[in-house]
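One structure is given below, encoded as structure tokens.
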Amino acid sequence: MIAELDEVEVSYGGRAALGPFSLSLAAGEIVALVGPSGCGKSTALRLLAGLEAPQRGEVRRDAAPGETAVVFQAPTLAPWLSAAANVALPLELSGLTRREARERAASALARVGLAGREAARPAQLSGGMAMRVSLARALVTSPRLLLLDEPFAALDEITRRALADDVLALWREAGPATVFVTHNVEEAVYMASRVVVMSPGPGRTLADVASPAALPRPPGFRTTPEFRESVEQVSAALAQGMAAA
Amino acid sequence: MIAELDEVEVSYGGRAALGPFSLSLAAGEIVALVGPSGCGKSTALRLLAGLEAPQRGEVRRDAAPGETAVVFQAPTLAPWLSAAANVALPLELSGLTRREARERAASALARVGLAGREAARPAQLSGGMAMRVSLARALVTSPRLLLLDEPFAALDEITRRALADDVLALWREAGPATVFVTHNVEEAVYMASRVVVMSPGPGRTLADVASPAALPRPPGFRTTPEFRESVEQVSAALAQGMAAA
Amino acid sequence: QQEAEAPKAAEGQTPIRFATDWRAQAEHGGFYQAVATGEYAKRGLDVRIVQGGPGVNVPQLLAAGQVDLGMGSNSFIVLNLAKEDVPVKAVAAFMQKDPQVLIAHEGTGVNSIADLKGRPILLSDASINAFWVWLKAKYGFTDDQVRKYAFSPAPFLADKRVAQQGYVTSEPYTLQKEGGINPKVMLLADEGYPSYATMVLATDKLIADNPQAVKAFVEASAAGWRSYLYGDPAPGNALILKDNPEMTQDILDQAREKLKSYGIVDGGDQAAIGRMSDERWAEFFNMAAKEGVYPPDLDYRKAYTLQFAP
Amino acid sequence: MAAALAPIVLIAALLGAWEIACRALSVPSYVLPPPSAVGEALAADWKGLLASAWNTLAMALQALVVASLAAQLAALGAALSPTVHRALRPLAVALQVTPVIAIAPLVNIWAGIDHPERAIVALAAVVAFFPIFSGAVTGLRSADPDLERLFDLYGAGRGARLLRLRLPSALPFLLEGHKVAAGLAIVGAVVAEFVAGSGSAQGLAWRILDASHRLQTARMLAALLALGLLGAALYALFEALERAGLKWWRGR
Amino acid sequence: MAAALAPIVLIAALLGAWEIACRALSVPSYVLPPPSAVGEALAADWKGLLASAWNTLAMALQALVVASLAAQLAALGAALSPTVHRALRPLAVALQVTPVIAIAPLVNIWAGIDHPERAIVALAAVVAFFPIFSGAVTGLRSADPDLERLFDLYGAGRGARLLRLRLPSALPFLLEGHKVAAGLAIVGAVVAEFVAGSGSAQGLAWRILDASHRLQTARMLAALLALGLLGAALYALFEALERAGLKWWRGR
Ligand SMILES: Nc1ncnc2c1ncn2[C@@H]1O[C@H](COP(=O)(O)OP(=O)(O)OP(=O)(O)O)[C@@H](O)[C@H]1O
Ligand SMILES: Nc1ncnc2c1ncn2[C@@H]1O[C@H](COP(=O)(O)OP(=O)(O)OP(=O)(O)O)[C@@H](O)[C@H]1O
Ligand SMILES: [Mg+2]
Ligand SMILES: [Mg+2]
């Protein structure tokens, strides 16, 4: 167990935002979080990262500082740093030499399709590019706990699939426990070992759909009937939750 | 003709970002813009809005100030105003009384599923909620020219489809010439009378796929073979463009 | 508006506003005494004293008509007015000796002003083009001796080599009381420094329009000074303490004592209170003009009038 | 709790060290009196000090209000028209670098010898003007460029843009400017009193100056302490205002 | 072009009105001389004025450097430890509200009677300190909260967080603080020269005071004009710096 939410509840200014909600994340697991807009997915991610504390319930984490990487829903880049410097930042903070950090940053940027844009400032990048820099910064540190908040939302289908495979490749190498939020059900089923469907309003668990196949995915997985069936199952849970609200 | 880009080229700091690119938008048309991340879609939208001038080529517009509405890629809300006040802002600026503006804003917020959150500040909203406020602000003015930059990217499938139908309903009422950027090919084909596919790098037009059916969509349109065919066509053009790069 | 706010004169009295050059102190004692003992009222004047301060420019107040009469601290100030063609004249001098002193530490080999040659001296900005000119001319002092005096004697106390300027009525007592030393005090006037001090300035217009009022003011002030120095100073002191709450009785007492013992006001001759003379003005002007402070052809006589002086 | 005590402990330690140093080195009290002497002066004078401090505070607050209004009006004018901006900027800077003592005589004449408090307020306002003006000018230009673009699209006029976009965007800079200006208004009121307080003004300034001339350093430090407390209180007020303002502004 | 001329036209108009008013009302020149008289004084004195202005500028720049270093160090200390912050803040405010004239004698003693320039720099630095300190403190707290969260996650130490997040985030506020402080350093140098100069020192303060003592108001205004130009030039420099700095900071 790397991280666990145990019947947590969060509210802002008296308005319930999440829960009661539980989620347990074992080492090497990939969990997809899907649910309607505003149900508390980002909040759950912040709890898992230890950036916020719940009003009720408990959060248990087994990751030291520096072992967690997060991609926030909006690209959170330092405007005064180049793309490469932004990506190199966590490496430099963890003690790597500047040169090595920059080298690794450059290769991480190339991996997300931004070779040649190392020197660009965040303000000079398109929305999708900025999000990819943010993703590169998370992947470059080889974290034990990886938390991704809609990392591919601003990306076209092809780039999206390429990056999904990239995250899976990283996962094969280092095996970080991963939670990612997505609105794309197919993506959720393709990438995750488990898909957690949340209800609207203050989000609770509606369904917890295990993957029909082991990770990494067999080739052609997206076209198998098991895949379609899981997608149907998740979509149905989602639709049911929203209809009930 | 409401707006037209005529062989425009844009570059930033000597690096080509768009073009040469042409796009002509007739009254009452809905054009979807799809293309890989960083190809210049947002740039093209800014040109159409008259917020930026191209280095080469010409932009022609036939919309007075106040007749254009834009949803930027990131929700661009005033942090010091409530959701309702943000939406009411363009109305108040166009001379409506405060009361009427607030009433209309409230109904626009209800339309995007944010009834009851009128008083919330942008910082208290989730990413998808903020984007919906931004969309409500654009729709509330009944513009002649509507420019949407990935308005549904941060939304779940169900909310997304509901809002797409909402935009189409608005279009039926007021018939604004609309350009919207999306990464969802099915959405593009479903909503648009024409899908323009852009190439990577400095974006050019790769394909211009007309809709197989008239707007508004017949019921069950998403399951027709014509729909699937158009989707295939657009996807193929996209994949081809990226492979060539 | 000015009219409405002008002080109401008592029945038949001429209202006079008199601006001093500093906060109320014993150096203004005679004027306060004259107010307190009714010397002005007796002569048909309703006098209000307006205290000065660091930013109060008496000649400008006079020129702008904000006050009727003002105090001229020394002869340089009065001649500066003449040089700039300000239509103002000195009508009486209530200090025959300028109380300006130089102060040095005891036991540093300074026995007279001449011994200060080559030593650092703390001088205020206003002194540089005033008595410093005289010192340079008479003793061969040079500008590189000058250090800034901001009216705190602390830097003087901190450094034995240093000398400083001062008023005979003020700094020596401060140094004695707070600094615990008995410094060497040298009065410039005793070495022949020819400046008057504490003059009464009147505008040419007032002199022309209402010479009786000026005359009455000078007479009453002289009476006030006589009473303050040789009578009971309590009424004047009470007014001073009221106007300047920072003032204390001991400071007033010692200052009055110094004014008397050094003969500052009357130069040793009670009858001379308020007096000015052409010779003394000529002497002063010739000294200053020789040092280049004024053009030699300046008509210094327009700076004063002997019409009212006793 | 321990954290709240820390500054008190620090200050107590500083005072203790000062007292011991004064006694051990037998520093003459006109150079630097020990805190105990300052305390005595404070105890002896506190009534007068309180009255004077109140006087100075009243002047400073009036000056702050005047400066705030004038600076914000000027900044609004500058924001409405680049021409006004170019014309006002050098004047504002010139005003900032003009020493109070140089213009005091003119202001004294203008205010009239019977209204030294007007002169004091005017001079202190001159001192406090610039940080608010500069903050307002910078703040009025700091709006989110994308929001500016939206206002372009809405066809918003200059006035509407100013009131509904630039002014609220300027808030953080305005708050910062006022925080700096508050202290300047106080010191401005004191300095103005030095040079314009023709007798009837009874603030802290004359106490400080007189004590300094008379080498009564303990009395001077007591007055300075009162001034410092005044400044700290006003600053704390403005910092609380800034925190609340920013919280409101950001919406969380 | 027309826009560039506007301020010149405005200033010319103001000067014209002033000249006419002076002549029409025959204001005595020692109260307010007409601009032509100021111009003459300027023409007659310009060499000396230039030298004095240079002198004052040199003092002001040294003071600004000292103030900038001290204020930023203090702000960094405050950012590293809330305790230091709580302890420093009231001291900084007290320093801001302390009138230069009150501490001048002490500073004079400390600097030594033969080094008035040290005293001037120290006093002017005291005057310029606060806006930089306040701007730095505010700026160091203004980092994007999400970036702060990322630094939490990276397990960044206080030092690293300060250097790599808070300091760069503070840049806009630091620039604004320096802009305000630049003018204060100049006026601080002038005031310090009033109270701590070497009597014969040749800064602008001496010229202003001397002219004022001699009732040569035109000469005084010429010196004030030189001071204003100095301030405007320094301000323009800092504004250009601010613009360039912000452009760099934002990356566009
Ligand atoms: N700082 C805050 N203050 C007040 N309310 C907040 C705050 N942050 C989030 N909320 C509220 O908490 C709820 C959950 O927000 P959260 O961001 O977790 O949603 P989400 O599931 O990530 O939505 P989305 O898919 O739109 O990003 C929302 O109703 C939101 O308005
Ligand atoms: N202000 C700017 N300065 C420099 N370069 C810029 C600027 N704005 C955009 N660019 C560059 O222009 C190109 C096109 O950007 P644009 O935002 O139009 O892309 P996009 O198609 O909208 O991408 P996405 O789908 O990721 O939002 C990108 O390479 C981007 O780096
Ligand atoms: Mg979210
Ligand atoms: Mg874009």
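Chain letters run A, B, ... following the sequence lines, proteins first, then strands; residues in each count from 1.
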Could you list the donor-acceptor pairs under 3.5 angstrom formed by side chains in residues 90-101 of chain D, with sequence neighbours left out?
| residue | atom | partner | partner atom | Å |
| --- | --- | --- | --- | --- |
| D:Gln96 | NE2 | E:Val180 | O | 2.9 |
| D:Thr98 | OG1 | D:Ala94 | O | 2.5 |

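- Shown here is E:Trp54, whose CH2 atom has no more than 12 heavy atoms of other residues, nucleotides or ligands within 6.0 Å.
- Using modelled atom types, one side-chain atom of E:Glu176 and one backbone atom of D:Gly135 make a donor-acceptor pair closer than 3.5 Å.
- For the options D:Ser142, D:Ser212, D:Ala102, D:Ser81, heavy-atom pairs under 4.5 Å to chain E are most numerous at D:Ala102.
- Neither the backbone nor the side chain of E:Pro82 comes within less than 4.5 Å of any heavy atom of chain D.
- Interface remark: E:Ile186 contributes side-chain atoms only to the contact with chain D (heavy atom separation under 4.5 Å).
- Remark: E:Leu106 CG to D:Thr217 OG1 distance equals 6.5 Å, nearest 0.5 Å.
- Ranked by non-hydrogen atom pairs under 4.5 Å with chain E, the options D:Leu227, D:Ile208, D:Leu234 are led by D:Leu227.
- A parallel orientation is assigned to the rings of E:Phe173 and D:Phe173, their planes being inclined by less than 30° (bins at 30° and 60°).
- Highest contact tally toward chain D, considering only E:His85, E:Glu242, E:Arg141, E:Glu239, is held by E:Glu239 [criterion: heavy-atom pairs under 4.5 Å].
- If you tally non-hydrogen atom pairs under 4.5 Å between each of E:Leu175, E:Val191, E:Val127, E:Leu184 and chain D, the highest count goes to E:Leu184.
- Take E:Pro172 and apply the side-chain contact (heavy atoms from CB on, under 4.5 Å) test, not counting sequence neighbours, and it matches E:Leu246, E:Trp249.
- Nearest approach of E:Ser134 to D:Lys179, heavy atoms of both residues: OG-CE, 3.4 Å.
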